[in-house]
Number of protein chains: 2
Amino acid sequence: ADRVFPVLFIAAAIPKCAGCGEHIYDRFILKVLDRAWHSKCLTCSDCMAPLSDKCFSKGDNVYCKDDFFKRFGTKCASCDKGIPPTEVVRRAQENVYHLDCFACLMCARQLNTGDEFYLMEDRKLVCKTDYEAAKAREYEMDSSNKRPRTTITAKQLEALKRAYNESNKPARHVREQLSAETGLDMRVVQVWFQNRRAKEKRLKKDAGRQRW
Amino acid sequence: ADRVFPVLFIAAAIPKCAGCGEHIYDRFILKVLDRAWHSKCLTCSDCMAPLSDKCFSKGDNVYCKDDFFKRFGTKCASCDKGIPPTEVVRRAQENVYHLDCFACLMCARQLNTGDEFYLMEDRKLVCKTDYEAAKAREYEMDSSNKRPRTTITAKQLEALKRAYNESNKPARHVREQLSAETGLDMRVVQVWFQNRRAKEKRLKKDAGRQRW
DNA sequence: TGCTAATGAGACGTAACGAA
DNA sequence: TTCGTTACGTCTCATTAGCA
């Protein structure tokens, strides 16, 4: 005997795809971000590859794993772009670098395992050679721009003082003699006498003041 | 059957381009200096070439590799402009030179391997020939162009003064006698008397003025 | 930090030079 | 020769800067 079955009709909206906006009549409906998608519409916002397996989203966009991390993953300490977690990287202290970015800032040569290098304050890298060359150049600058100062030894000083007692303004030939005796340059001897006279004058003035 | 996708929600504002200031809706967002750029807005500050691959920054500016190193790379010791790391260079001590700049400062000839040259204090280069020619010329100058000045000693001065008191225009034989006595050249003795007479005249004039 | 070597500007005296 | 000028050698004064 035939049976009559009661039938319950339930009105339900046919879902619309968050990608193309059309209704979805497919058997498989993908759901991400509480929204439905045609499987052909759920593609990475960056590379447009279909996202059949896993997807990552940010705001209203969805991404494949690689592109998501490229945008939002750990930042390369040199170029500051995201690094997909699958990518081979190099590290220096806590910093992570793209393989290509793990290179000397100055000569741009890539740094290989075993290479020695310096990690700069801005987290960029400089190879040992360049760093030390730069350092040396800096030092060179510092020390070559420095005014040379003769150190007059006790012995030399004695000879100069003795001569000074004879005369505080010795004639040229005396200075020549003194220069030969001490090994000091003529100019150095001359300047010594100048400074010495200035000192004596200064001392006299100061003494005068004290008596006042 | 429906699938549930693991989804990472990260709230983030739609980035604004650091170049033009507009929002970026592009598929590709470039990030440099912690700031986002339209790919068309990220161009080298110097040559305006698009920086799609790698870029170098300094302060708020971004540069392509070549221009970055032109500005900030190792400086050519001669022209003082930066050298892109890919460029072939020559070296002298710690100094690096553009191939074209590795040339004699004086004759401008490029220096080749094996050529002898001098590295000057300002890190510029002079070929051996020119350097030694210049050196010789300098020596020549120093010893011939420099006006020699006789230093007349106290003793000699005394003899001259004594003679001057006898006569301020001594006859030739008197000058000869003086020259022999002092060891000074005849010409020197003659000039001394000339200058002495000039001085006396000058003093008289000045004294006259003072009395007025 | 103090002493003092070195530098630089400015002045002076005068040896040397060149032209008239 | 004289006259005007140039430039060498030295000094002072005020400062700067290197080293024990």
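A note on names: the letters A, B, ... follow the listed sequences, proteins ahead of strands, and every chain is numbered from 1.
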Looking only at side-chain N and O atoms, does [X] come under 4.0 Å of OP1 or OP2 in [N]?
| X | N | result |
| --- | --- | --- |
| Thr151(A) | dG18(D) | no |
| Trp192(B) | dA15(C) | yes |
| Gln190(A) | dC11(D) | yes |
| Lys199(B) | dT14(C) | yes |

Taking atom [atom2] of [N] as reference, at what distance in whole Å does atom [atom1] of [X] sit?
| X | N | atom1 | atom2 | answer |
| --- | --- | --- | --- | --- |
| Gln156(A) | dA5(C) | CD | P | 11 Å |
| Ile152(A) | dA5(C) | CD1 | P | 4 Å |
| Asp185(A) | dA5(C) | CG | P | 14 Å |
| Arg202(B) | dC12(C) | CZ | P | 12 Å |
| Glu200(B) | dT2(D) | CD | C1' | 15 Å |
| Arg197(B) | dT1(D) | CZ | C1' | 7 Å |
| Arg196(A) | dT12(D) | CZ | C1' | 18 Å |
| Tyr164(B) | dT14(C) | OH | C1' | 14 Å |

**Message:** Side chain of Gln194(A) only, heavy atoms from C-beta on: which candidate in dT12(D), dA16(C), dT2(D) is closest?
**Reply:** dT12(D)
**Prompt:** If you check the Arg172(A) side chain, which of dT10(D), dC13(D), dT2(D) turns out closest?
**Reply:** dT10(D)
**Asked** Hey, does the side-chain of Arg149(A) have a donor or acceptor N/O within less than 3.5 Å of a partner on the base of dT4(C)?
**Response** yes
Less than 4.0 angstrom from a charged side-chain N to a carboxylate O is my criterion; do [X] and [Y] meet it?
| X | Y | value |
| --- | --- | --- |
| Lys161(B) | Glu166(B) | no |
| Arg172(A) | Glu176(A) | yes |
| Asp115(A) | Lys128(A) | no |

**Message:** What contact category does Arg187(B) fall into here, base, sugar-phosphate, or nothing, at under 4.0 angstrom with non-hydrogen atoms?
**Reply:** nothing
**Prompt:** Is Phe56(A) close to Val62(A) at the side-chain level, that is, under 4.5 Å between some pair of heavy atoms?
**Reply:** no
**Request:** Run the ring-centre check on Phe102(A) versus Phe117(A) and record whether the distance is less than 6.0 Å.
**Result:** yes
